[in-house]
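What follows is a set of notes on a single structure, which appears directly below.
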Amino acid sequence: QVQLVESGGGLVQAGGSLRLSCAASGRTFSSYAMGWFRQAPGKEREFVATISWYIISSTYYADSVKGRFTISRDRAKNAVYLQMNSLRPEDTAVYYCASMKRKTLTTSNYYLKNDYDDWGQGTQVTVSS
């Protein structure tokens, strides 16, 4: 079991920046990847970004955040971060951290929320126009 705790959300004006953090505890060495998803009111939870937990990392991003968001990790601290720049009102959502354990991370599954096994409770990000 992996426990995930997100932090860093808040209210920001359009064009501003926020940095989300996800602290992982428990059997983190068994994770293949750590990712971020988000869910806006009335919408499905959608993929944002993910990073592999291998020694050599690989990253994937949703098209809507490419060039604006950056995912990174600190394996020593069992932490994952999401630097969000040039925020837009449509980025408003609850952001969730997730870990993938049952399957290896591939180009076919990095965006599939059902392939992630553990989830945090989420942190609210609100971008005002």
All salt bridge (charged side-chain N to carboxylate O under 4.0 Å, His left out) counterparts of [X], not counting sequence neighbours:
X	value
Glu90	none
Asp118	Lys101
Asp74	none
Lys77	none

Determine, using the 4.5 Å side-chain heavy-atom cutoff (strictly less than), whether Val80 and Val5 are members of one ILVMFWY cluster.
-> no
Does Phe69 share a hydrophobic cluster with Tyr81, counting links as ILVMFWY side-chain heavy atoms below 4.5 Å and allowing steps through other members?
-> no
Mind checking the [atom1]-[atom2] spacing from [X] to [Y]? Nearest 0.5 Å is all I need.
X	Y	atom1	atom2	result
Ile51	Trp36	CD1	CH2	12.0 Å
Arg73	Leu82	CZ	CG	15.5 Å
Trp53	Leu105	CH2	CG	12.5 Å
Met100	Thr50	CE	OG1	6.0 Å
Ser72	Met34	OG	CE	12.0 Å
Asp91	Arg68	CG	CZ	4.0 Å

Scan for disulfide (SG to SG under 2.5 Å) pairs involving [range], sequence neighbours excluded, and state none if there are none.
range	value
residues 98-129	none
residues 100-129	none
residues 41-74	none

I would like to know whether Val12 and Met84 meet side chain to side chain contact (heavy atoms under 4.5 Å, CB included); could you show each step before the answer?
-> CA-CA 11 Å; Val12 65; Met84 306 186 294; over 6 Å; no
Could you go through the side chain to side chain contact (heavy atoms under 4.5 Å, CB included) check for Asp115 and Tyr32 one step at a time?
-> CA-CA 11 Å; Asp115 278 10; Tyr32 290 107; over 6 Å; no
Donor-acceptor contacts under 3.5 Å from residues 14-23 side chains, at least two apart:
residue, atom, partner, partner atom, Å
Ser17, OG, Asn85, OD1, 2.9

List in chain and number order the residues that pass side-chain contact (heavy atoms from CB on, under 4.5 Å) with Ser128, two or more places apart in sequence or in another chain; answer none if no residue qualifies.
->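 Leu11, Gln13.
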Quick one: list whatever passes side-chain contact (heavy atoms from CB on, under 4.5 Å) with Val94, sequence neighbours left out.
-> Tyr96, Gln124
Evaluate side chain to side chain contact (heavy atoms under 4.5 Å, CB included) for Val65 paired with Arg38, printing each intermediate quantity in order.
-> CA-CA 12 Å; Val65 306; Arg38 66 187 181 187; 4.0 Å; yes
Does Tyr116 have any ring pair (Phe, Tyr, Trp, His ring centres under 6.0 Å) partners at least two apart in sequence or in another chain, and if so, which?
->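 Here the qualifying residues are Phe37.
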Identify each donor-acceptor pair in which a side-chain atom of residues 56-63 lies under 3.5 Å from a protein atom, sequence neighbours left out, and give them as a table.
residue, atom, partner, partner atom, Å
Ser58, OG, Ser52, OG, 3.4
Tyr61, OH, Ile71, N, 2.9
Asp63, OD1, Lys66, NZ, 3.3

